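The next block holds one structure in the form of structure tokens; read it before the comments.
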2 protein chains.
Amino acid sequence: MKVGGRDTTTIWCEADGPAVGIIDQTRLPHEFVTRHLRDVAAAAHAIRSMQVRGAPLIGATAAYGIALAMLEDPTDKGLTDAARLLLATRPTAVNLRWAIADMVDLLKPLPAAERVARAYRRAAEICAEDIGINRAIGEHGVAAIAAAWRQKGERGPVEILTHCNAGWLATVDRGTATAPIYRAQELGIPLHVWVDETRPRNQGAALTAWELREQHVPHTVIADNAGGHLMQHGRVDLCLVGTDRTTAAGDVANKIGTYLKALAAHANDVPFYVAVPSPSIDWTIGDGVREIPIEERDPREVTHIVGRLSDGTIGRLQLTPDGTEAANYAFDVTPARLVTGLITERGICAASRAGLSSLFPEVCRASVHEEPVVRRRG
Amino acid sequence: MKVGGRDTTTIWCEADGPAVGIIDQTRLPHEFVTRHLRDVAAAAHAIRSMQVRGAPLIGATAAYGIALAMLEDPTDKGLTDAARLLLATRPTAVNLRWAIADMVDLLKPLPAAERVARAYRRAAEICAEDIGINRAIGEHGVAAIAAAWRQKGERGPVEILTHCNAGWLATVDRGTATAPIYRAQELGIPLHVWVDETRPRNQGAALTAWELREQHVPHTVIADNAGGHLMQHGRVDLCLVGTDRTTAAGDVANKIGTYLKALAAHANDVPFYVAVPSPSIDWTIGDGVREIPIEERDPREVTHIVGRLSDGTIGRLQLTPDGTEAANYAFDVTPARLVTGLITERGICAASRAGLSSLFPEVCRASVHEEPVVRRRG
């Protein structure tokens with residue numbers, strides 16, 4: 001997508017060397033800073049500190065992290081240590097596990113001398129696959145936006161609410177939840193996006209607002225608290241969010257607060273779509289509420305906040321009284337019953353085992369063991 | 001309640017003069033600053049700028065505002081002008097209208113010379129009534145906490161989630177939603193309060209956390225996004241919130257985001273109680289979603305945030321990219337169907353016309369005109 005009018009991806013191989021370039025997303029929206037990752041420790045740090053974030057981009061960065069590790073130590077031990085280091089950075093995103101397993105499975109059988117080149121090639125393929133997946137999600141998902149546009153008699157912009165950043169910044173390019181939005185824009189469908197600010201890290205206010213501005217998509221930032229009110233008053237035509245992990249039964253783990261928006265959409269008959277690249281599907285589990293581990297992050301992300309001071313420098317404020325305890329759950333799980341449809345690279349399906357297996361029959365048959373139906377809250 | 005161990009109310013008459021003292025709540029939690037209101041313009045400014053906030057305290061401040069206006073100009077014109085000025089400060093809170101109407105009705109028939117003394121006396125009565133109401137809400141509401149305590153076998157603290165600040169800072173003393181909490185504390189029931197930070201103005205993180213700390217009630221601040229996840233995992237025994245306006249049918253207008261928590265509570269079988277002092281009941285309307293005007297505040301409350309810098313000074317950060325638009329809806333309406341019970345000064349009742357009229361038969365009979373049943377979203 002565009003940054004200042006120039007085509008950019010979120011991760012790239014430097015032309016003149018082995019280093020991997022990234023956008024330091026902790027500096028957005030106030031500064032556009034790029035960084036060079038030169039070893040696996042830097043890649044792990046980039047993921048852990050959220051210089052890169054978003055399930056697909058985390059996967060791509062982990063793949064390049066393995067490649068950087070092979071430069072340092074291409075032995076089996078080097079590979080195992082790198083995988084372990086990268087795996088520990090973020091517990092919820094399944095793409096991380098997927099990308100690391102993919103790289104390890106590929107490199108393990110190779111002689112050490114061949115691993116570096118193969119690792120770089122595979123990491124680049126993973127990036128290209130991500131872009132392809134997102135383009136396909138855009139092609140399929142735009143149908144939901146077009147349907148909303150027709151349903152309102154092609155009058156006024158289609159009002160889309162999104163949470164967090166499932167934009168191109170969360171992927172290598174195009175984004176997942178934003179892919180249908182950018183495709184609709186290309187097709188001339190008028191749009192307006194309600195951007196949840198997405199506390200505590202404000203990925204909506206900082207990242208989604210920034211990337212929509214750079215692509216000239218009309219948008220308005222709102223407090224996370226506001227979406228229910230807007231839906232109650234018919235101001236949202238559809239919700240469109242991403243996912244960090246989707247279960248085989250269609251439950252969706254995404255940024256904390258997604259579940260609340262899904263409840264409001266359900267109560268107000270607003271379609272609630274999730275953009276699901278297949279690498280984010282965890283075919284091994286069914287019940288997301290019970291089985292997906294939810295990352296708890298530093299409470300200081302809640303008690304303090306970063307932004308730009310009036311003199312242009314970046315500052316950090318304390319929001320709570322001294323000594324206040326805070327809890328910081330990074331994700332929540334939206335049960336499949338609240339999801340109108342999953343937008344995958346193969347099409348839109350119902351958020352259910354049946355829906356997913358209609359699009360991914362080969363994976364479903366291979367890995368989903370039948371589970372007892374468990375009645376759960378939510 | 002206590003500030004640094006000393007008993008304090010949120011508004012008071014200065015001992016040596018006509019000025020009215022308030023706590024400047026825009027400076028909390030980092031500084032405890034009091035101010036003197038010396039004329040009606042200062043009272044209006046205090047309400048508009050949210051130096052005082054919370055429906056009951058807004059009502060009390062408006063009453064004293066009328067008294068200050070009578071000092072300046074006790075004529076009919078002075079009274080009318082003051083009422084108009086104060087009425088325009090905040091559109092959603094019904095206590096404001098109630099307190100102003102009460103003062104005008106009382107003073108209008110009196111000779112100008114008698115108005116000052118009577119106005120001060122009545123404003124003091126309104127404050128005393130507020131405290132009495134809140135104490136009664138505490139006595140009745142503690143039953144809901146005690147029930148939750150028994151239901152969990154008197155093991156572990158009762159986990160209460162609250163939104164915004166319906167604490168003593170929102171009233172003259174004791175608070176509305178906090179009154180049952182403080183009463184439970186006095187009775188020795190172990191408690192832990194999840195405090196929604198309550199964006200965009202962070203009344204939870206700044207005010208509720210501060211006042212709970214001062215009263216030594218265990219609590220944890222969370223992002224507004226987190227409550228659904230906690231309820232899904234059985235970490236909340238009951239929700240307890242305030243109200244800015246309650247309809248005769250039991251719909252509740254409260255701080256933006258309350259509706260989302262009520263949806264999550266309903267989906268997870270968590271009791272959702274609203275503390276309702278009767279002056280916050282608007283007997284003239286039924287359908288809150290359609291009939292309650294929702295205040296829209298300055299978008300800069302969303303795009304910027306105030307807090308304490310590391311050097312101890314108060315700073316303001318920009319959170320969004322330059323030029324980003326934001327919308328700032330201050331309240332939302334929780335439909336009666338999502339409310340387990342209304343805790344009034346006369347007892348707990350169902351959130352319905354029947355429930356309210358069982359406790360307030362005299363008002364219901366006098367002012368509720370029968371309305372057609374309207375099917376609405378939400």
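Naming: A, B, ... by sequence-line order, numbering from 1 per chain. Remember, predicted model here, so these are calculated numbers, not experimental data. Hydrogens, waters and symmetry mates are skipped; everything else that's a heavy atom, side chains included, is used.
- A donor-acceptor pair under 3.5 Å is formed between the side chain of A/Asp237 and the backbone N or O of A/Glu159.
- Ranked by non-hydrogen atom pairs under 4.5 Å with chain A, the options B/Asp322, B/Ile222, B/Thr324 are led by B/Asp322.
- With chain B as partner, the option from A/Gly257, A/Gly204, A/Pro218 having the largest number of non-hydrogen pairs under 4.5 angstrom is A/Gly257.
- A donor-acceptor pair under 3.5 Å is formed between the side chain of A/Gln232 and the backbone N or O of B/Val333.
- In terms of modelled atom types and a separation under 3.5 Å, the side chain of B/Asn268 and the main chain of B/Val270 share no donor-acceptor contact.
- Comparing B/Asp196, B/Val302, B/Thr303 by how many heavy-atom pairs each has under 4.5 Å with chain A, the most go to B/Val302.
- Contact count against chain B (heavy-atom pairs under 4.5 Å) is highest for A/Thr320 among A/Val306, A/Thr320, A/Thr258.
- Contacts of B/Ile294 with chain A are made by side-chain atoms alone, with heavy-atom separations under 4.5 Å and no backbone atom involved.
- Heavy atoms of B/His163 lying under 4.5 Å from chain A belong exclusively to its side chain.
- Contact count against chain A (heavy-atom pairs under 4.5 Å) is highest for B/Gly307 among B/Gly323, B/Ala330, B/Gly307.
- A donor-acceptor contact shorter than 3.5 Å is absent between the side chain of A/Thr162 and the backbone of A/Ile160.
- Most heavy-atom pairs under 4.5 Å with chain A, from the set B/Pro321, B/Gly228, B/Gly227: that is B/Pro321.
- In this structure, A/Arg201 pairs ionically with A/Glu301, as a charged nitrogen and a carboxylate oxygen lie closer than 4.0 Å.
- Contact check on B/Arg297 versus B/Glu295 returns a salt bridge, with a Lys/Arg side-chain nitrogen under 4.0 Å from an Asp/Glu carboxylate oxygen.
- Contact tally against chain A (heavy-atom pairs below 4.5 Å) for B/Asn328, B/Val195, B/Ile305: the top residue is B/Ile305.
- A/Thr198 contributes atom OG1, which lies 5.0 Å from atom CG of A/Asp224 (distance to the nearest 0.5 angstrom).
- Interface summary for chain A: among B/Val221, B/Thr220, B/Asp332, the most heavy-atom pairs under 4.5 angstrom belong to B/Val221.
- With a threshold of 4.5 angstrom between heavy atoms, A/Arg199 approaches chain B through its backbone and through its side chain.
- Counting heavy-atom neighbours within 6.0 Å of A/Gln215 CD, excluding the residue itself, gives a total above 12.
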